[in-house]
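I have placed the structure first, in the form of structure tokens, so that the comments after it can refer back to it.
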Amino acid sequence: MDYEMINELNAERMRKGIKIKDIANAVGISDAYTSMYFKHKASNIDSMKELAIIEYIKSQPEYRMVKVIVKK
């Protein structure tokens, strides 16, 4: 993946509230290596691990907070 695609994936991760630790556990890599991936410092990541990261983030639901006014 290129620089911009990793940035977009990281933005989606943060928007969905997914922790780096959760991704690391799901994919089977360390927290530190997962963090390095999102900071563009892990250049030699296995393509299967990278696909697993993408699939995990895409499969997680996105929640939004909304204010609902209820009249009595």
Checklist line | Pairs satisfying side chain to side chain donor-acceptor pair (under 3.5 Å), at least one member in residues 21-36, at least two apart | finding: Tyr33-Asn44
Check: Are Ile45 and Ile53 side-chain neighbours, meaning at least one heavy-atom pair lies under 4.5 Å?
Finding: yes
Next item on the list: Check whether Met5 and Val27 end up in the same hydrophobic cluster, where Ile, Leu, Val, Met, Phe, Trp and Tyr are linked by side-chain heavy atoms less than 4.5 Å apart.
Entry: yes
Notebook entry, point to check: Checking Lys16 side chain against Ile57 main chain: does a donor-acceptor pair fall under 3.5 Å?
Noted result: yes
Notebook entry, point to check: What residue pairs, at least two apart or across chains, pass salt bridge (Lys or Arg N to Asp or Glu O under 4.0 Å) with a residue in residues 53-62?
Noted result: Glu12-Lys58, Arg15-Glu62, Glu62-Arg64
Item checked: By salt bridge (charged side-chain N to carboxylate O under 4.0 Å, His left out) - contacts of Glu4 (at least two apart) -> none
Item checked: Residues forming a salt bridge (charged side-chain N to carboxylate O under 4.0 Å, His left out) with Lys41, sequence neighbours excluded -> none
Next item on the list: Identify the two heavy atoms, one from Arg13 and one from Ile20, that lie closest to each other, and give their separation to 0.1 Å.
Entry: NH1-CG1, 3.7 Å
Notebook entry, point to check: Taking all atoms of both residues into account, what is the closest heavy-atom pair of Leu9 and Met1, and its distance?
Noted result: CD2-CE, 4.3 Å
Note to self: So, using side-chain contact (heavy atoms from CB on, under 4.5 Å) as the criterion, who are the partners of Val70 when residues are at least two apart?
What the structure shows: Val68
Check: Which pairs with one or both residues in residues 37-72 pass ring-ring contact (aromatic ring centres under 6.0 Å, His included), sequence neighbours excluded?
Finding: Tyr3-His40
